[in-house]
Amino acid sequence: MTNIFIETLEDKLGYFRSMAFDNPAMLGFLDEQSLLDIPHIDKKCVIFSLEGEEESTFKYVVHPKKYTCIDPFHQGVNLRGLKNQMFVQDVSGVQKLASKEFYEGIIGLMGRFDYLPGFNLKVAPKTFSRDADKVFALFKEIDASVKGLHTRKIMHNDIKPGNIVYSQERLHLIDFSTSVNFTEYLLDKSKGRIFGTQYYIHPGVDRSKDYFALGVSFVKTLFPNLDLDRLDVQNMARFRLYEFELDMRKELMRKLGYSFTDYFNDLMHRTPEIDYGPVAERLASVPQDPQVRVNYTYGVGNTTFIPDSCNSSASFSL
């Protein structure tokens, strides 16, 4: 997502209102509230804070392709993600969230989130990336956070520099919008779709999805100008994973030494979170409730939920 460079809060609020043009409840909320700050705004979402609530932030999202009020499918995606984020609140390095529902019932409005002063790694200052030893130590901590998620059978499912925030002397995982528990992930996968972001998705089943993404994030943080085109799963004819890994190992060894090289290799080759084979076969054989609709979209993935009650999600216990 590209940040919209608008300087004044008044202009940002005007752009915000234009994003919510077809959401009367959100427009009413903006009429009633006094915004304190809008630290991030792009075509798909707004991060903002309210006067009197300086310790919290809120997030408003629109349809990722149409830029209109999110439809029932995307409501289900986001609510499922909020539910999973609430389940891992006690894991260190996870941004804290107050509720798994849309805030005040307004479609697309999520929060309260703990305010994290700092920056995400996609826009980290050059001095941050140049302190390689600090980056290494911080990634060891967020590595432990990911392990905490997996212990709870939750996958973040969209780890990337833009979803890792440096704040309060450590890294934090944010944006759990597409997070899933292991059962939900397998249900999605059985329908032929996965969540994730271009360049941070491993298409196979031989290694961890989250840790693969963390490994790519690790080298992208150390080398901000790194070209990731060889990892584009949307262009499999050009996908060159092993060539990329070999080049990264050489570069890390040359510039930073063995410990960095070994850690990158370790992250990229962690064992899968789930034993895909027998469980996926079992899920594929489970009959679907006729009232449950399965939705597909290449850009986002898919989820299964009850369309008439987006606060509920249908899943099967393992």
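Under a hydrophobic clustering in which Ile, Leu, Val, Met, Phe, Trp and Tyr are joined whenever their side-chain heavy atoms come within less than 4.5 Å, directly or via other members, L228 and L252 fall into the same cluster.
I154 approaches F182 most closely through the heavy-atom pair N-CE2, 3.8 Å.
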Hey, mind stepping through D143 and Y211 against side chain to side chain contact (heavy atoms under 4.5 Å, CB included) and telling me if it holds?
-> CA-CA 8 Å; D143 179 339; Y211 278 116; 3.1 Å; yes

Verdict with supporting geometry, F48 and Y60, ring-ring contact (aromatic ring centres under 6.0 Å, His included) | CA-CA 8 Å; F48 66 97; Y60 178 68; 8.1 Å; no

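Put simply, the side chain of T221 does not reach to within 4.5 Å of the side chain of Y166, judged on heavy atoms. Counting only heavy atoms from C-beta outward, the side chains of K12 and V46 never approach each other to under 4.5 Å. At a threshold of 4.5 Å between non-hydrogen side-chain atoms, the residues Q168 and P117 count as touching. At least one side-chain heavy atom of K59 sits under 4.5 Å from a side-chain heavy atom of D175. In this structure the side chain of M110 reaches within 4.5 angstrom of the side chain of F102, judged on heavy atoms. K43 places a side-chain heavy atom less than 4.5 Å from the side chain of Y15. Under the 4.5 Å side-chain criterion, counting only non-hydrogen atoms from C-beta, S217 is not in contact with L121. Looking at heavy atoms from C-beta onward, F239 lies out of side-chain contact with R230 at the 4.5 angstrom threshold.
In this structure, NZ on K255 lies 10.0 Å from CG on L222, to the nearest 0.5 angstrom. With rounding to the nearest 0.5 angstrom, the OG atom of S177 is 11.0 Å from the CG atom of N84.
In E55, the CD atom is not crowded: 12 or fewer heavy atoms of neighbouring residues, nucleotides or ligands sit closer than 6.0 Å.
For F119 and F128, the distance between ring centers is under 6.0 angstrom.
A donor-acceptor contact shorter than 3.5 Å is absent between the side chain of R207 and the backbone of H202.
Between F260 and F136, the ring-plane angle classifies as tilted under the 30° and 60° cut-offs.
T197 and D158 share a donor-acceptor pair across their side chains, judged by distance under 3.5 Å alone.
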